[in-house]
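The next block holds one structure in the form of structure tokens; read it before the comments.
Chain letters run A, B, ... following the sequence lines, proteins first and then strands; every chain starts at 1. Owing to the predicted nature of the structure, the values given are computational and were not obtained by experimental measurement.
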Protein chains: 2
Amino acid sequence: MATGRTHRPATRSRGIPEATVARLPLYLRALTALSERSVPTVSSEELAAAAGVNSAKLRKDFSYLGSYGTRGVGYDVEYLVYQISRELGLTQDWPVVIVGIGNLGAALANYGGFASRGFRVAALIDADPAMAGTPVAGMPVQHTDDLEKIISDNGVSIGVISTPAGAAQQVCERLVAAGVTSILNFAPTVLSVPDGVDVRKVDLSIELQILAFHEQRKAGEEAPDDGVVPPVAAKQQRKGPDGDVPAVMPA
Amino acid sequence: MATGRTHRPATRSRGIPEATVARLPLYLRALTALSERSVPTVSSEELAAAAGVNSAKLRKDFSYLGSYGTRGVGYDVEYLVYQISRELGLTQDWPVVIVGIGNLGAALANYGGFASRGFRVAALIDADPAMAGTPVAGMPVQHTDDLEKIISDNGVSIGVISTPAGAAQQVCERLVAAGVTSILNFAPTVLSVPDGVDVRKVDLSIELQILAFHEQRKAGEEAPDDGVVPPVAAKQQRKGPDGDVPAVMPA
DNA sequence: CTGTGTGAATGCATTCACAGCG
DNA sequence: CGCTGTGAATGCATTCACACAG
């Protein structure tokens with residue numbers, strides 16, 4: 001997951017649980033694929049398999065949106081595509097700006113998955129004036145100085161931050177001050193934002209670290225200890241050798 | 001957040017809840033920053049703020065690792081860095097391969113956050129033979145034909161997939177067959193893998209869609225309806241106009 | 001007297017299992 | 001009769017609040 005928001009209590013939104021909202025895009029993707037193959041209807045079982053969840057969860061999720069299925073039959077693909085799109089707000093066009101056009105920012109600018117889902121890259125912004133010369137993904141790279149003007153001229157409410165960590169908080173503040181209320185953060189920093197602004201973060205190295213955790217366990221516990229924690233010990237035992245603590249973290 | 005695994009029941013790992021594991025990298029990042037500023041100790045309150053969580057959660061999380069704090073004082077920064085690194089398996093070196101060297105794959109290859117946390121990019125792999133000519137991030141791009149050999153020669157157990165969606169499942173199967181047991185998937189597809197293989201996915205457009213959902217709500221509900229669902233209606237009312245369903249999804 | 005560590009309480013999310021619609 | 005929609009049951013995660021270690 002690279003999922004995660006900062007701030008804001010888990011107020012469920014218009015009755016739809018966060019966990020469900022996070023899965024709607026998955027369903028939408030699976031449905032879009034079915035739609036392209038002209039499949040007219042689909043059962044919860046089939047769709048769940050395509051989306052990688054179990055069918056009970058899917059039916060529960062859909063029940064929050066309304067009664068869109070037909071008992072004994074399944075769901076109408078086109079209709080569901082429309083309903084979920086509408087629920088997610090994808091029936092409108094969302095202009096976004098990408099700030100920080102390094103390797104990652106450029107990759108994002110070129111990423112087709114945005115445009116195909118109602119997100120339009122309205123501008124690319126970078127602090128390096130030298131970048132203004134060469135266009136990225138067919139667009140000019142504009143200078144950070146004009147950030148506020150770009151935001152308001154284009155009515156942007158969603159910003160993507162792919163700057164180095166050090167610049168992210170300041171960029172974030174300028175975006176918010178200029179009117180952005182949703183931020184997708186790729187910089188490895190915790191952003192602090194005022195109430196009413198949503199932040200989601202994607203941290204590439206965090207995902208790998210989580211994998212490493214599980215990977216380590218696979219290697220270690222070939223002989224199952226039955227999962228039970230040793231009665232005492234284990235709680236007392238550790239607690240600083242108090243001298244040999246190595247500076248293990250690489251750089 | 002782009003978090004999420006496919007398959008495998010939520011068996012908590014060695015007594016540490018998944019939700020806690022997912023936060024350990026955040027704590028580690030905050031601690032590393034403190035360590036670099038030579039801060040010797042930190043309270044749960046301070047560290048929580050730096051990591052963007054609340055202090056009760058942080059203390060509970062740490063309690064799963066052991067008793068590493070000192071009451072009335074706080075936590076020893078260096079010691080915690082070491083313990084969390086060890087818990088996450090970052091005290092060892094993890095060779096990874098990146099398959100699919102497009103814009104995103106290249107950005108990942110250049111991403112500094114991997115190397116600095118014990119992940120070593122052992123090889124870049126792409127299906128396009130033309131890519132073999134020009135190195136990316138100072139490394140040669142190798143051809144998919146050699147995938148199996150590269151995996152076993154380098155003892156790779158973690159693979160990153162940044163191919164187009166269409167190629168992902170097949171690449172995944174070859175990685176798994178060659179011995180990879182953890183996969184970080186950037187392709188917008190559900191991967192199916194055998195038991196014992198972990199998959200985490202990062203889907204850029206999903207994150208934006210979740211933001212759009214909340215953004216839409218902000219725009220709509222300026223006059224608060226008190227959050228209560230209208231008594232009846234709302235459940236019955238929708239259900240297909242059954243004719244005017246537009247093909248709304250943009251291409 | 002400060003701040004950790006943790007039982008107990010609360011609140012979500014997932015899963016079960018089945019009534020009942022089409 | 002098949003498959004949706006949903007109450008009820010279960011299982012996690014978060015939060016509270018406080019005993020007690022240093």
Side-chain angles (χ1 to χ4, degrees), chain A residues 1 3-5 7-13 15-24 26-27 41-49 51-77 79-80 83 229 234-236 238-240 242, chain B residues 1 3-5 7-13 15-24 26-27 41-49 51-77 79-80 83 229 234-236 238-240 242:
Chain A
M1 154 174 230
T3 288
R5 68 142 37 79
H7 237 233
R8 162 176 289 209
T11 4
R12 88 169 32 169
S13 310
I16 302 180
E18 264 304 305
T20 294
V21 172
R23 279 187 296 266
L24 291 181
L26 280 175
Y27 301 143
T41 61
V42 66
S43 70
S44 63
E45 202 70 55
E46 293 163 332
L47 182 53
V53 303
N54 73 44
S55 65
K57 198 185 293 189
L58 177 143
R59 287 201 304 280
K60 180 64 98 178
D61 283 343
F62 285 179
S63 79
Y64 293 115
L65 308 183
S67 275
Y68 293 153
T70 307
R71 292 172 191 234
V73 177
Y75 300 91
D76 181 288
V77 172
Y79 186 61
L80 247 195
Q83 289 300 344
V229 186
K235 188 72 69 51
Q236 217 79 318
R238 269 159 202 168
K239 190 63 196 177
D242 229 40
Chain B
M1 164 186 97
T3 286
R5 68 140 36 77
H7 234 235
R8 163 175 290 206
T11 4
R12 88 168 33 170
S13 312
I16 302 180
E18 264 304 303
T20 295
V21 172
R23 281 187 295 267
L24 292 181
L26 281 176
Y27 301 143
T41 62
V42 66
S43 70
S44 63
E45 203 70 55
E46 293 162 333
L47 182 54
V53 303
N54 73 45
S55 65
K57 197 184 292 187
L58 177 143
R59 287 201 304 279
K60 179 64 94 178
D61 283 343
F62 285 180
S63 79
Y64 293 116
L65 308 184
S67 276
Y68 293 153
T70 306
R71 295 178 189 227
V73 177
Y75 300 92
D76 180 289
V77 171
Y79 185 62
L80 248 194
Q83 290 299 344
V229 187
K235 188 73 69 54
Q236 216 80 316
R238 272 165 197 165
K239 188 67 199 177
D242 230 38

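- At a threshold of 4.5 Å between non-hydrogen side-chain atoms, the residues B:Asp61 and B:Val53 do not count as touching.
- Atom-to-atom, CD of B:Gln83 to P of C:dT4 comes out at 17 Å; the value is rounded to the nearest Å.
- Here B:Gly74 lies in heavy-atom contact (under 4.0 Å) with sugar-phosphate atoms only.
- Rounded to whole Å, the distance from OH on A:Tyr75 to P on C:dG22 is 14 Å.
- Atom pair A:Leu58:CG and D:dG5:P shows a separation of 10 Å (rounding to whole Å applied).
- Taking atom CD of residue B:Glu45 and atom P of nucleotide D:dA17, one finds them 15 Å apart after rounding to whole Å.
- For C:dG3, neither phosphate oxygen OP1 nor OP2 lies less than 4.0 angstrom from any side-chain nitrogen or oxygen of B:Tyr68.
- Phosphate proximity of D:dT15 to B:Lys57: present, with a side-chain N or O under 4.0 Å from OP1 or OP2.
- Contact check for A:Glu46 versus A:Tyr75: no side-chain heavy atoms found under the 4.5 Å cut-off.
- Regarding B:Arg71, its CZ atom lies at a distance of 7 Å from the P atom of D:dA21, rounded to whole Å.
- Taking atom CD1 of residue B:Ile16 and atom P of nucleotide D:dC12, one finds them 16 Å apart after rounding to whole Å.
- Using a 4.0 Å cut-off, no side-chain N or O of B:Asn54 falls inside it from OP1 or OP2 of D:dT14.
- Applying the 4.0 Å criterion to OP1 and OP2 of C:dA17, one finds that A:Arg59 has every side-chain N and O outside that range.
- Dashed line: the shortest gap from a side-chain N or O of B:Ser44 to OP1 or OP2 of C:dT4 is under 4.0 Å.
- Two rings, from A:Phe62 and A:Tyr68, have their centers 6.0 Å or more apart.
- At whole-Å resolution of the value, CD in A:Glu18 and C1' in C:dC12 are 12 Å apart.
- Of all non-hydrogen atoms in B:Ser55 and B:Ser44, the two that sit nearest each other are CB-O, 3.8 Å.
- Here the C1' atom of nucleotide C:dG7 and the OH atom of B:Tyr64 are 11 Å apart, to the nearest Å.
- Nucleotides of DNA chain D nearest to A:Val73 and A:Lys60 differ in position, and the one nearer the 5' end is that of A:Val73.
- Residues A:Tyr27 and A:Leu65 form no side-chain contact, since every pair of their non-hydrogen atoms from C-beta on lies 4.5 Å or further apart.
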